[in-house]
Amino acid sequence: MNTIELNINNLKSLWKTVGMERGLSFENRALAGVYIRDESWPNRIWLKDESALENWQLAVEFMDANPGLTLTAFGEPSIEHASLELLSTQYGMVKAIDRSPGQSELTLIRVSDDETAKEWSALFSVSFGYSISAKTVQSTRESIEYYLARVDGEL
């Protein structure tokens, strides 16, 4: 399995874990997905086989019957075969940290209580432009490790 496939599997696993602990995780022969009532994240479905036209059609029907869900495609979207509109593209990001002497001090703080969960949620929203609620972080922090980063004393 290559790095891209490993990252996609990791992302799906994150969504499934949140869905099982905080809401609903579901799967059938064509689709899988997660839903949390009164939240916007993760609330999505994905296709088990993106090359199958019938899966795209099932996804459209499923989303029509379940407002609030979005469809995540991991390959080149086959939206020309369905009544879908591309809303966004997600990119993986990596930044190497230069730890040469004399530079800022970085401290990682694991989210372990309600206060740090609220801080994490607020900072995530500012950083990425969408929200993962403090309630979701609080209810999943035992199975998912969330961290705050402090540089020279500042979050």
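Please read these numbers as outputs of a predicted model, since none were measured by experiment. Worth knowing before you read on, the calculation uses all heavy atoms, side chains too, and leaves out hydrogens, waters and symmetry mates.
Qualifying side-chain contact (heavy atoms from CB on, under 4.5 Å) partners for E54, counting only residues two or more places apart in sequence or in other chains: A52, Q57. Remark: W46 pairs with W15 by the ring pair (Phe, Tyr, Trp, His ring centres under 6.0 Å) rule, at least two apart or across chains. Among residues two or more places apart in sequence or in another chain, the salt bridge (charged side-chain N to carboxylate O under 4.0 Å, His left out) test is passed with D49 by none. Considering only residues two or more places apart in sequence or on other chains, R150 meets the salt bridge (charged side-chain N to carboxylate O under 4.0 Å, His left out) condition with none of them. Under the side-chain contact (heavy atoms from CB on, under 4.5 Å) criterion, S112 pairs with no residue, sequence neighbours left out. For the side-chain contact (heavy atoms from CB on, under 4.5 Å) test, residues two or more places apart in sequence or in another chain that qualify with S25 are K16, M20, V34. Remark: Y146 engages W120 in a ring pair (Phe, Tyr, Trp, His ring centres under 6.0 Å) (not counting sequence neighbours). Listed by chain and number, the residues in a side-chain contact (heavy atoms from CB on, under 4.5 Å) with E154 amount to none (sequence neighbours excluded). Listed by chain and number, the residues in a ring pair (Phe, Tyr, Trp, His ring centres under 6.0 Å) with F26 are F62 (sequence neighbours excluded). Here R22 pairs with E39 under the salt bridge (charged side-chain N to carboxylate O under 4.0 Å, His left out) rule; sequence neighbours left out.
Sorted by first and then second residue, the salt bridge (charged side-chain N to carboxylate O under 4.0 Å, His left out) pairs involving residues 120-138 (not counting sequence neighbours) form an empty list.
Side chain of T116 to backbone of D113: a donor-acceptor contact under 3.5 angstrom is found. For the pair N55 (side chain) and E50 (backbone), a donor-acceptor distance under 3.5 Å is absent. Looking at T70, its side chain never comes within 3.5 Å of a backbone N or O of R44 through a donor-acceptor pair.
At least one side-chain heavy atom of L47 sits less than 4.5 Å from a side-chain heavy atom of L71. Side-chain contact between R29 and K48 is absent, with no heavy-atom pair separated by less than 4.5 Å. Side chains of D114 and R141 form a contact here, defined as non-hydrogen atoms less than 4.5 Å apart. Side-chain contact check for V126 versus F124: every heavy-atom pair is 4.5 Å or farther apart. Side-chain atoms of E142 and E21, non-hydrogen and from C-beta on, never get closer than 4.5 Å to each other. For the pair I36 and N43, the minimum side-chain heavy-atom distance is below 4.5 Å. Using a 4.5 Å heavy-atom threshold, the side chains of L123 and L148 count as touching. Side chains of T140 and T17 form no contact here, defined as non-hydrogen atoms less than 4.5 Å apart.
Residues L58 and I45 do not share a hydrophobic cluster, clusters being chains of Ile/Leu/Val/Met/Phe/Trp/Tyr side chains in contact below 4.5 Å.
Of all heavy-atom pairs between P67 and D64, the closest is CD-O, 4.2 Å. Scanning all heavy atoms of the two residues, the minimum distance from W41 to S131 falls at CB-O, 3.4 Å. When all heavy atoms of T136 and V18 are compared, the closest pair comes out as CG2-CG1, 3.7 Å.
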Stepwise, does the side-chain contact (heavy atoms from CB on, under 4.5 Å) test hold for Y35 with L69?
-> CA-CA 7 Å; Y35 177 76; L69 291 173; 4.0 Å; yes
Extract all donor-acceptor atom pairs below 3.5 Å that involve side chains of residues 4-14 and protein atoms in other chains or at least two apart in sequence.
from: E5; atom 1: OE1; to: N2; atom 2: N; distance (Å): 3.1
from: N7; atom 1: ND2; to: T3; atom 2: O; distance (Å): 3.3
from: N9; atom 1: ND2; to: E5; atom 2: O; distance (Å): 3.4

